[in-house]
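Accompanying notes for the structure given below.
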Number of protein chains: 2
Amino acid sequence: MADSARVADVSLTHIQSFVAVAEECNVGRAARRLHLTQPPLSRHIQALEDELGARLFERTRGGMRLLPAGEAFLRHARRILAEVDAAVLTVRDVAGNRAGG
Amino acid sequence: MADSARVADVSLTHIQSFVAVAEECNVGRAARRLHLTQPPLSRHIQALEDELGARLFERTRGGMRLLPAGEAFLRHARRILAEVDAAVLTVRDVAGNRAGG
DNA sequence: GCGTCCAATGCTGTTTCGGTATGGCCGACA
DNA sequence: TGTCGGCCATACCGAAACAGCATTGGACGC
């Protein structure tokens with residue numbers, strides 16, 4: 001059952017939320033950027049940390065600071081989002097070319 | 001707004017569903033493999049096709065056959081899932097090393 | 001025509017999720 | 001020291017999403 005069982009409970013939404021928070025170092029600001037409010041975004045981060053079984057941010061007085069695990073995850077997260085983006089574009093390209101030509 | 005807006009409505013669940021159906025060429029069988037029933041899985045595929053704006057499968061009498069767009073997406077889909085898997089493992093490794101050592 | 005196998009759809013109960021309101025923490029400032 | 005302001009976390013609630021059951025509809029084999 002090694003498969004990709006771990007993937008199951010991680011969601012792209014959580015990954016996007018994580019990246020936004022990592023870049024803003026501030027949940028409220030990241031929330032606005034994602035057209036969301038602070039509480040659900042805060043929960044996204046908690047859920048992600050829970051799913052991964054590791055703390056990704058240090059909660060400081062001024063906001064959120066990446067922990068080593070978070071920095072490691074950030075690199076993967078960006079790659080994942082880029083990969084998804086590429087997948088979408090590729091499909092549209094293939095389908096578009098065949099449909100249009 | 002180019003960003004990764006397209007990522008938004010695609011979910012890892014849908015991607016996993018897609019891969020399972022692509023490999024089984026049969027929704028019911030894929031559903032069982034995913035510990036799901038046929039109707040929701042059928043809807044996953046429809047939702048994914050809708051989000052991507054392209055048909056991924058040809059519905060044949062005997063089941064589901066990948067269309068060119070689907071084959072292209074499959075390659076990306078596998079990479080995405082592998083990437084997520086790697087991300088999870090990396091985080092656990094980093095956090096584990098620091099926690100344990 | 002009838003039974004079979006397949007995917008798609010209607011419906012419903014449950015779960016998930018986002019938003020509002022609030023709490024708790026901590027530093028700045030007078 | 002007391003108040004204010006910024007920050008993340010939590011409680012609660014209404015709405016949307018989701019899975020499962022039951023059923024439909026299409027296509028082949030007998």
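In this text, all values refer to a predicted model and were calculated from it rather than measured experimentally. Each chain gets a letter, A, B and so on, in the order the sequences are listed, and its residues count up from 1.
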In whole angstrom, what separates B:Leu36's CG from D:dA17's P? 18 Å
Atom CE of A:Met64 to atom C1' of D:dA9: distance rounded to whole Å? 10 Å
Heavy atoms only, 4.0 Å cut-off, all strands: where does A:Ile45 land among base, sugar-phosphate and nothing? nothing
Just how far is it from atom CG of A:Leu48 to atom OG of A:Ser17, taken to the nearest 0.5 Å? 8.5 Å
Carboxylate-amine/guanidinium proximity below 4.0 Å for A:Arg78 and A:Glu23: yes
Atom CG of B:Leu34 and atom P of D:dG20: how far apart are they, to the nearest Å? 11 Å
Examine B:Val27 and B:Leu67 and state if one hydrophobic cluster contains both, with Ile, Leu, Val, Met, Phe, Trp and Tyr joined whenever side-chain heavy atoms are less than 4.5 Å apart. no
Check this one for me: any side-chain N or O of B:His44 less than 4.0 Å away from OP1 or OP2 of D:dA19? yes
Going 5' to 3' along DNA chain C, between which two nucleotides do contacts with chain B fall, using a heavy-atom cut-off of 4.0 Å? C:dC6 to C:dC11
In Å, rounded to the nearest 0.5 Å, how long is the span from CZ of A:Arg79 to CD1 of B:Ile80? 13.0 Å
Could you state the CD-P distance from A:Glu24 to D:dC8, rounded to the nearest angstrom? 11 Å
Heavy-atom nearest nucleotide on DNA chain D for A:Pro40 versus A:Arg61: which residue maps closer to 5'? A:Arg61
Would you kindly give the CD-to-C1' distance between B:Glu58 and D:dA27, to the nearest whole Å? 14 Å
Quick one: pull up CE in A:Met64 and CZ in A:Arg59 and give me the separation to the nearest 0.5 Å. 4.0 Å
I want to check one thing: is the phosphate of D:dA9, taken as OP1 and OP2, less than 4.0 Å away from some side-chain N or O of A:Ser42? yes
Heavy-atom pair of closest approach, residues B:Arg29 and B:Glu24: NH2-O, 2.8 Å
Do the side chain of B:Arg43 and the base of D:dG20 come within less than 3.5 angstrom through a donor-acceptor pair of N or O atoms? yes
Determine the interplanar angle of the B:Phe73 and B:Phe18 rings, folded into 0 to 90°, and report it as parallel if under 30°, tilted if 30 to 60°, perpendicular if over 60°. perpendicular
Hey, does B:Gln38 reach any base, or is it just sugar-phosphate, or nothing, if we go heavy atoms under 4.0 Å? base
